[in-house]
*Asks:* 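Pasting a structure below so you can have a look.
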Amino acid sequence: MSVEVALKVALQYQRARGRGRRTGFVALRGGYHGDTLGAMSVCDPVDGMHADFPDYVPAQQFLPRPPRAWREGGDLVSDPAEVAQWIAEAEQIVARAADEVAGIIVEPVLQGAGGMFAYAPEALVALRGWATAYDLVLIADEIATGFGRTGRFFGCDWAAVVPDVMCVGKALTGGTMTLGAVVVSTAVAEVIGASEHRALLHGPTFMGNPLACAVATASIDLVTRSWATDVPRIEAALSAALAPAADLAVVAEVRVLGAVGVIELTEPVEIPLVTRAALERGVWVRPFRRLVYTMPPYVCTDADIAVIGAGMIGAVAHVHGGVTR
Ligand SMILES: *Cc1c(COP(=O)(O)O)cnc(C)c1O
């Protein structure tokens, strides 16, 4: 729901600026922003649900997926030539769309449900530049990446980019209670505050629910105290635990970014069978497409991570064959 509100913030901002024709959005191919109507429209146009709700999903402008990035030392690196090519291509699309779109929405650095795909931080820097140049609202959907998950406190921190609007959810309450929030820059908030309506046109019954907010503040206290040691520790433990998967012939790639571990197969995962096989090894996973992945809670010990990694690998080998290279 946070994404719905963020889109409304961008639309209301543009109207307040006298640019009511700016009603669309720019998004990335491969993105995922949720299942509600507005959010669906900015999800990947092929893998999303556009075709299933054609009359309710407005057409948006999509940029190609930015070049992939991988961990090297403390950095998140990518191929500079691919980055330059992406920037050239994306810049044209944004320039052409600028008069008709209110904002740009992205999952910073890691596309989650769209494939657990890490991409070049330089792409975020470029998007920030275009958003500023055309006065578009840059929305960072940090629902999956926020609170340390990728190894920086926010995904945007990999690129030292400050968005105009940030969506948070999921880890906001440590995954224990339903709560989302939209964080808006003072500049954008002031434009909306000075507009005809003087306020954001949004106010559901349970907005700011005190119980959920109490859970969130308690969780944020815990996370801010320990994430900077927990996440690198989990990253190292995940790298070690998942490394043996690379020996399986059915495994295309093993990748780890912060507290996210992914085993990508060369074929679609037999989802019910792998889920069951992992459960039998004491591990609950939710594979999709060719991916078996984990985003473990930061309280996991190294021993827990070893169990998770062994369970994932064991399940893949059991169902898809344990043949090694
Ligand atoms: C899960 C997710 C959402 C959707 O959040 P809900 O609270 O389920 O609506 C949006 N964006 C990203 C990046 C997510 O991972």
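Since the model is a prediction, treat every value here as computed from it, not as a measurement. Indexing begins at 1, ligand by ligand and atom by atom, following the structure's order.
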*Asks:* If the cut-off is 4.0 Å to any non-hydrogen atom of His33, which atoms of ligand 1 fall inside it?
*Replies:*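 Listed by number with element, the hits are 10 (C), 11 (N).
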
*Asks:* Run the numbers for me: atoms of ligand 1, each under 4.0 Å from some heavy atom of Gly34, listed by number.
*Replies:*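 What qualifies from ligand 1 is 4 (C), 10 (C).
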
*Asks:* Go through ligand 1 atom by atom and flag the ones less than 4.0 Å from a non-hydrogen atom of Ala144.
*Replies:*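 Answer, ordered by atom number: 15 (O).
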
*Asks:* Below 4.0 angstrom from a heavy atom of Met1, which ligand 1 atoms are there? Numbered from 1 as shown, please.
*Replies:*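 It comes down to these atoms of ligand 1: 9 (O).
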
*Asks:* Count the heavy atoms belonging to other residues, nucleotides or ligands that lie under 6.0 Å from CD of Gln85, then report whether that count exceeds 12.
*Replies:*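 No.
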
*Asks:* Which of the numbered atoms in ligand 1 are below 4.0 angstrom from a heavy atom of Asp141?
*Replies:*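 Listed by number with element, the hits are 10 (C), 11 (N), 12 (C), 13 (C).
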
*Asks:* Any chance CZ of Arg15 has more than 12 other-residue heavy atoms, nucleotides or ligands included, within less than 6.0 Å?
*Replies:*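 No, the 6.0 Å shell around CZ holds no more than 12 heavy atoms from other groups.
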
*Asks:* Could you list the atoms of ligand 1 found under 4.0 angstrom from a heavy atom of Glu107?
*Replies:*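 Within the 4.0 Å cut-off of Glu107, ligand 1 contributes 13 (C).
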
*Asks:* Quiz question for you: does at least one protein heavy atom lie closer than 4.0 Å to atom 15 (O) of ligand 1?
*Replies:*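 Under 4.0 Å from atom 15 (O) of ligand 1, at least one protein heavy atom found.
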
*Asks:* I'd like to know whether CZ of Arg289 has more than 12 heavy-atom contacts from other residues, nucleotides or ligands below 6.0 angstrom.
*Replies:*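 Counting other residues, nucleotides and ligands, CZ of Arg289 exceeds 12 neighbours.
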
*Asks:* Do the side-chain N and O atoms of Gln61 and Arg96 include a donor-acceptor pair separated by under 3.5 angstrom?
*Replies:*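 Note: Gln61 and Arg96 side chains miss the donor-acceptor criterion.
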
*Asks:* Please report whether ligand 1 has a polar contact with Lys170, defined as an N or O pair separated by less than 3.5 Å (distance criterion only).
*Replies:*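 Looking only at distances, the answer is yes, because the N/O contact criterion of under 3.5 Å is met.
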
*Asks:* When the aromatic ring centroids of Trp227 and Tyr298 are compared, is their separation below 6.0 Å?
*Replies:*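 Not under 6.0 Å, so no.
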
*Asks:* Do other residues, nucleotides or ligands put more than 12 heavy atoms under 6.0 Å from Phe288 CZ?
*Replies:*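 Above 12, so yes.
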
